[in-house]
Amino acid sequence: MIVRRLAGPLLLCFFSFAAPAAEAQGRVIVDKTVAVVTDGARSELITYSDLIWQLALQPNVPLSPPRAEDLQRALRLQIDQRIFALEAERLPRTAPSDAEIKDQIADLLSRFPSTADFERRLRQVGFKSVKDENFETIISQRVAIEKYIDFRFRSFVVITQEELRKYYSETYSPDFRKRNPGRIVPRFEEVATEIERELTEARIARDIEEFLEGAKRRLTITILMEP
């Protein structure tokens with residue numbers, strides 16, 4: 001991964017002050033480019049508002065003002081998302097459907113106490129409601145990335161019976177006895193589906209991590225400023 005950090009007057013060349021990203025509760029949020037991810041032919045910009053929007057989708061994360069550690073975590077996540085966006089463009093794909101976008105929004109809402117609470121956070125970062133066109137565009141992009149991840153990683157995961165039984169005997173059973181002394185360990189047939197799901201998610205997480213490490217060696221990631 002090539003990471004460049006620019007400071008001083010050079011930063012002015014990359015800031016976009018043409019218009020505020022949002023006006024929330026009387027505060028004007030001036031947008032600026034924080035980082036650029038490029039594969040040589042295409043580039044993905046990450047702005048300060050991208051980081052704030054990312055934080056708004058996470059329950060109990062303060063927005064006024066945002067914490068430095070949350071902004072750093074949001075930046076790392078946005079970099080990973082931009083990498084997936086660049087890779088996804090290489091494959092022909094259909095645009096997310098209205099139903100998929102609606103389901104994604106419903107999933108986000110389920111993590112908050114109420115729709116009103118979620119929309120209150122959205123208004124803090126410049127959106128009008130969950131039906132805001134710009135908000136739906138962001139959700140559409142997230143859906144597209146998730147569909148790419150499912151195609152690129154999940155659809156190719158195969159867990160064999162041998163792997164399931166080995167995990168059951170070497171990991172599941174000893175852990176169950178330790179957590180539940182005196183109880184009978186469930187039969188393999190009773191927990192095989194649960195074990196397969198756990199192993200599948202672990203395999204996907206490992207494959208994604210390896211993919212991102214390789215992609216970051218091929219791409220140029222330019223950090224223009226610390227958020």
Side-chain angles (χ1 to χ4, degrees), residues 1-7 10-11 14 32-58 61 66-96 100 104 107-108 111 138-160 162-164 166-167 170-172 175 194-227:
M1 175 178 62
I2 303 174
V3 178
R4 301 170 182 163
R5 299 179 183 271
L6 307 181
L10 286 178
L11 287 176
F14 298 93
K32 47 189 176 288
T33 302
V34 175
V36 181
V37 181
T38 179
D39 62 2
R42 297 158 300 165
S43 296
E44 289 278 339
L45 303 182
I46 300 172
T47 66
Y48 183 77
S49 61
D50 289 327
L51 306 186
I52 297 299
W53 295 337
Q54 181 71 50
L55 297 183
L57 304 182
Q58 302 172 27
V61 175
R67 297 179 301 206
E69 60 268 29
D70 291 331
L71 288 170
Q72 287 289 344
R73 185 172 59 253
L75 175 57
R76 292 192 296 270
L77 182 58
Q78 284 288 318
I79 288 173
D80 289 348
Q81 290 179 352
R82 293 309 197 277
I83 291 172
F84 283 124
L86 287 171
E87 292 295 323
E89 289 180 11
R90 302 176 187 273
L91 299 175
R93 65 197 191 284
T94 58
E100 289 172 326
Q104 179 78 304
D107 179 65
L108 284 171
R111 305 175 193 181
I138 289 176
I139 298 304
S140 176
Q141 293 167 347
R142 288 168 64 102
V143 172
I145 291 172
E146 288 187 6
K147 290 176 69 174
Y148 169 76
I149 290 174
D150 279 345
F151 170 78
R152 176 67 173 75
F153 300 100
R154 188 177 300 278
S155 60
F156 293 100
V157 173
V158 176
I159 307 296
T160 66
E162 181 182 357
E163 290 174 306
L164 292 175
K166 181 178 180 181
Y167 185 88
E170 296 181 2
T171 302
Y172 181 89
D175 286 350
E194 175 188 342
I195 292 174
E196 183 176 17
R197 183 166 53 248
E198 183 174 341
L199 292 181
T200 296
E201 295 305 320
R203 181 79 57 80
I204 291 171
R206 186 197 66 192
D207 290 348
I208 287 175
E209 183 176 355
E210 291 177 355
F211 167 81
L212 288 172
E213 288 178 357
K216 288 173 183 178
R217 288 193 291 269
R218 299 192 306 271
L219 303 175
T220 299
I221 301 173
T222 305
I223 305 297
L224 303 176
M225 62 167 293
E226 296 294 340

Q.
Check this for me, if you would: do Lys147 and Asp150 make a salt bridge, where the nitrogen-to-carboxylate-oxygen distance has to be below 4.0 angstrom?
A. no
(Q) Whether Asp207 and Arg154 form a salt bridge (side-chain N of Lys/Arg under 4.0 Å from carboxylate O of Asp/Glu) is what I want to check. (A)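 Looking at Asp207 together with Arg154, the answer is no, because their closest N to O distance does not fall below 4.0 Å.
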I need the [X] [atom1] to [Y] [atom2] distance, nearest 0.5 Å.
| X | Y | atom1 | atom2 | answer |
| --- | --- | --- | --- | --- |
| Leu212 | Phe84 | CG | CZ | 4.0 Å |
| Leu219 | Glu87 | CG | CD | 6.5 Å |
| Asp80 | Lys216 | CG | NZ | 4.0 Å |
| Thr200 | Ile204 | OG1 | CD1 | 6.0 Å |
| Thr160 | Glu196 | OG1 | CD | 10.0 Å |
| Arg76 | Ile46 | CZ | CD1 | 12.5 Å |

If every non-hydrogen atom of [X] is compared with every non-hydrogen atom of [Y], which pair is closest and at what distance?
| X | Y | value |
| --- | --- | --- |
| Pro96 | Ala144 | CG-N, 3.8 Å |
| Ile145 | Gln81 | CD1-O, 3.5 Å |
| Asp107 | Arg111 | OD2-NH2, 2.6 Å |
| Thr38 | Ser43 | OG1-OG, 3.1 Å |

Q) Quick one: salt bridge (Lys or Arg N to Asp or Glu O under 4.0 Å) partners of Glu69, sequence neighbours excluded? A)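 With sequence neighbours excluded, Glu69 shows a salt bridge (Lys or Arg N to Asp or Glu O under 4.0 Å) to Arg67, given in chain and number order.
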May I ask you to test the [X]-[Y] pair for a side-chain heavy-atom distance under 4.5 Å?
| X | Y | result |
| --- | --- | --- |
| Leu71 | Val34 | no |
| Gln104 | Glu100 | no |
| Asp39 | Glu89 | no |

Q: May I ask you to decide if Ala35's main-chain N or O and Thr33's side chain share a donor-acceptor pair within less than 3.5 Å?
A: no
(Q) Set out, in order, the CA-CA distance, both residues' side-chain angles and the distance that settles side-chain contact (heavy atoms from CB on, under 4.5 Å) for Lys166 and Glu163, then state yes or no. (A) CA-CA 5 Å; Lys166 181 178 180 181; Glu163 290 174 306; 5.7 Å; no
Q. Which pairs count as salt bridge (Lys or Arg N to Asp or Glu O under 4.0 Å) when at least one residue sits in residues 44-55, sequence neighbours excluded?
A.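 Counting only pairs at least two positions apart or across chains, the salt bridge (Lys or Arg N to Asp or Glu O under 4.0 Å) contacts touching residues 44-55 are Glu44-Arg82, Asp50-Arg82.
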Q: Before giving the answer on side-chain contact (heavy atoms from CB on, under 4.5 Å), spell out for Leu57 and Arg142 the whole-Å C-alpha distance, their side-chain angles and the decisive distance to 0.1 Å.
A: CA-CA 12 Å; Leu57 304 182; Arg142 288 168 64 102; 3.4 Å; yes
Q | Tyr167 and Glu198 side chains, donor-acceptor separation under 3.5 Å | A | yes
Q) Parallel under 30°, tilted from 30 to 60°, perpendicular over 60°: which one fits the rings of Tyr148 and Phe153? A) perpendicular
